[in-house]
Each structure stands twice: as C-alpha cells, then as structure tokens.
Q: 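My questions all concern the structure below.
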Amino acid sequence: MTRSEERRAPGQDRAGPPRLLMPEPAEGWAAWLDGLFRRLLSAFGPRHWWPSALAPAPARAEPFEMIAGAILVQNVAWSNAAKAVRALAEAGLLDVAAMAAAPAEAVERLIRPAGYFRQKTGRLKGFAAYVSERYGGDLAAMLARPTPDLRAELLALSGIGPETADCILCYAADRPVMAMDAYTRRIFARLGLFSPDIRYHDMQAFFHAHTPADAALRGEYHALIDTLGSRLCRKRAPRCGECPLADLCARVDVA
DNA sequence: TTCCTGGGCG
DNA sequence: CGCCCAGGAA
C-alpha cells in the first residue's frame, strides 16, 4: 500500500463508486438489485423495449425507428412520441436518406405531438445527415462500432445527451449499457440509496458494477424502472400503496 | 383553466 | 439557469 493510499480515509476514494446513503445489505448489492428486478418484472411483466410505435408489443423497433423514438420521447410521455413516430412512418420518413432530404417544415408538422418540434426536427435531420455523410447512409455500420467510440460519436451530435445515447447503445446497438433517467434518480433516492442530486455517471457506475453485463437484462431493468417511475413512483403523489417495493422503501422526501 | 412533468443545449 | 413544447393532472 502506498503512502497516499494510507493517508486516504476509508470511503473517501474519489474515483470509487458513488457514496451510497444505505449500507450494503448482507446479501450484497448484486443480489439486492436482482431481487428488485424480479419484483418489478413480476409486477409489470416484460416491457418489450424498445417498443415499436408501428406494431403492437412484443414487436421491437428497427434501429432508425428506435433512434427517432429516442429523440422524440425526450421530455415527453411515450404516447406523444409514438404519435410522432407513426406520422413519420406514414410519410416514409423513418429512413436515413428520406429524413436527411425532407423539408424541415414537413418534419415539424408531423412530429408536433411530441413537443419541442423545432429542436427535435433539427436533431432528427442532423442525425440522418451525419449517418448519410459519415457512413453513406449505412446506419448498421455506425451501430457496429466499438461501444466507447459509438458512445462518444453519439454524444458529439447535437440533441443526443447521455440518456439518449445510452438508450441507443442498449436498444439499437445491443450493448450492455443501462440508461439512467429522472425516474431512476427519484426511485433510488426515495428508496434511500442515492443522494437526490447524484450524477448520471455515478448512478450508471453503480448499476454497471452490480448487474450482469447483458444488454437484454439491463435494457429490461431500465424499462421496468421507467414503468415504476411513471405509473407509481411519480414525482407528486406517488402511489406507494400499489408499489411492489413499498416494504423496502425509506420514502425519502426528494421534493 | 392553469399547473406540472421531462432531456439537452447555449 | 432559462428556454424549448404538448398533453395529462389538478
């Protein structure tokens, strides 16, 4: 052990996992998280993410539909985004080349139900233009790149932040990446595990450290968390009486 | 009818 | 930290 390691107080390693507000259970975090997953799965059933807006579950979206949906769902309920995805499909715009060539006004009109239609039009067309220019329109080639490179590439595009990038990595590129979101932060803060202001990367590091590196598993986990967060563990007036995790929740007030 | 929710950017 | 938006809750 080096001198600097000796000097550092326990639990103060700056590069380590996030400081958790709850002691590790005797079974360990991996088993605890697995138990949570099982409860959510039996409560809600498989979520079949990423859902296709064009066909009923368990149909899954094709890569470009998935990516368009991920951009359109930013800051809105899925039902709104799904309307926009269907409108794009009917207009033949769920296609890289067609989207890149489409007039912005036409896209804006079609995606209006998803809100933020001007920014989201720029994001959709920007993404399509990027794939057209860099990959000759071959989205599969882009999605085949190594995970760290692909993530950096996605994050460099305007309108794709950490959550959207990680959703694309998991659901379109099939990588074992678990997306985090406002629901994840709120649920695990209420449970008493996370600080309410925990950073995205720290949440993700915790889940990645204690769940199997499996794209299907992590994708399902994120989907189940989303379902819990939107249906029951809502920001205001959470429905704790119906929550499958109620008995192990600290019910921390996250304001 | 107003209020609230929700990613990403400049 | 304010702005972009629609639609469900209150």
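Labels below follow one simple rule: chain letters A, B, ... track the order of the sequence lines, proteins then strands, and each chain is numbered from 1. Atoms considered below: every heavy atom in the structure, side chains included; atoms not considered: hydrogens, waters and symmetry mates.
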Q: Can we call the ring centroids of A:Phe194 and A:Phe206 under 6.0 Å apart?
A: yes
Q: Please confirm whether the shortest side-chain N or O distance from A:Arg112 to OP1 or OP2 of C:dG7 is below 4.0 Å.
A: no
Q: For A:Arg134, is the CZ atom crowded, meaning more than 12 foreign heavy atoms sit under 6.0 Å from it?
A: no
Q: Less than 4.0 angstrom between a side-chain N/O of A:Arg118 and OP1 or OP2 of C:dC5, yes or no?
A: yes
Q: Does A:Tyr200 reach a base, just sugar-phosphate, or nothing at all? Heavy atoms under 4.0 Å.
A: nothing
Q: Here's a test of your reading of the structure: between A:Arg239 and A:Arg123, which maps to the more 5' nucleotide of DNA chain C?
A: A:Arg123
Q: Base, sugar-phosphate, or nothing: which does A:Arg185 touch, judged by heavy atoms less than 4.0 Å apart?
A: nothing
Q: Starting from the 5' end of DNA chain C, give me the residue, A:Ala237 or A:Ala114, whose nearest nucleotide shows up first.
A: A:Ala114
Q: Aromatic rings A:Trp29 and A:His210: how do their planes relate, parallel, tilted or perpendicular, breaks at 30° and 60°?
A: tilted
Q: With a 4.0 Å limit, can you tell me whether A:Ser79 has a side-chain N or O closer than that to the phosphate oxygens OP1/OP2 of C:dG7?
A: no
Q: Mind checking A:Gln119 for me? I need base, sugar-phosphate or nothing, with any heavy atom below 4.0 Å counting as a touch.
A: base
Q: Could you give the CG-to-P distance, from A:Leu154 to B:dG8, as a whole number of Å?
A: 11 Å
Q: When you check the phosphate oxygens OP1 and OP2 of B:dC4, does a side-chain N or O of A:Arg236 lie under 4.0 Å from one of them?
A: no
Q: Please report the distance, rounded to the nearest Å, between CZ in A:Phe117 and C1' in C:dC4.
A: 10 Å
Q: Assuming nearest nucleotide by heavy-atom distance, tell me which of A:Tyr183 and A:Ile160 is located more 5' along DNA chain B.
A: A:Tyr183
Q: Please report, rounded to the nearest Å, how far the C1' atom of C:dG7 is from the OH atom of A:Tyr116.
A: 11 Å
Q: Within this structure, what is the CG-to-C1' distance between A:Asp166 and B:dG8, rounded to whole angstrom?
A: 14 Å
Q: A:Arg231 has an atom CZ; how far is it from atom P of B:dG6, in whole Å?
A: 16 Å
Q: Sort out for me which residue in A:Glu163, A:Lys120, A:Arg123 forms a side-chain hydrogen bond (donor to acceptor under 3.5 Å, both in side chains) with A:Gln74.
A: A:Arg123
Q: Ignoring the backbone of A:Arg234, work out which of B:dG8, B:dG6, C:dA10 is nearest its side chain.
A: C:dA10
Q: If I take atom CG in residue A:Asn80 and atom P in nucleotide C:dG8, what distance separates them, rounded to the nearest angstrom?
A: 6 Å
Q: Can you tell which of B:dC9, C:dG7, B:dG8 lies closest to the side chain of A:Pro113?
A: C:dG7
Q: B:dC4 C1' sits how many Å from A:Arg186 CZ, rounded?
A: 12 Å
Q: Let me know the distance between CG of A:Leu72 and P of B:dG8, rounded to the nearest Å.
A: 13 Å
Q: Which is true for A:Leu155 with a 4.0 Å heavy-atom rule: it touches a base, it touches only sugar-phosphate, or it touches nothing?
A: nothing
Q: Taking C-beta and beyond as the side chain, do A:Thr211 and A:Phe37 meet within less than 4.5 Å on heavy atoms?
A: no
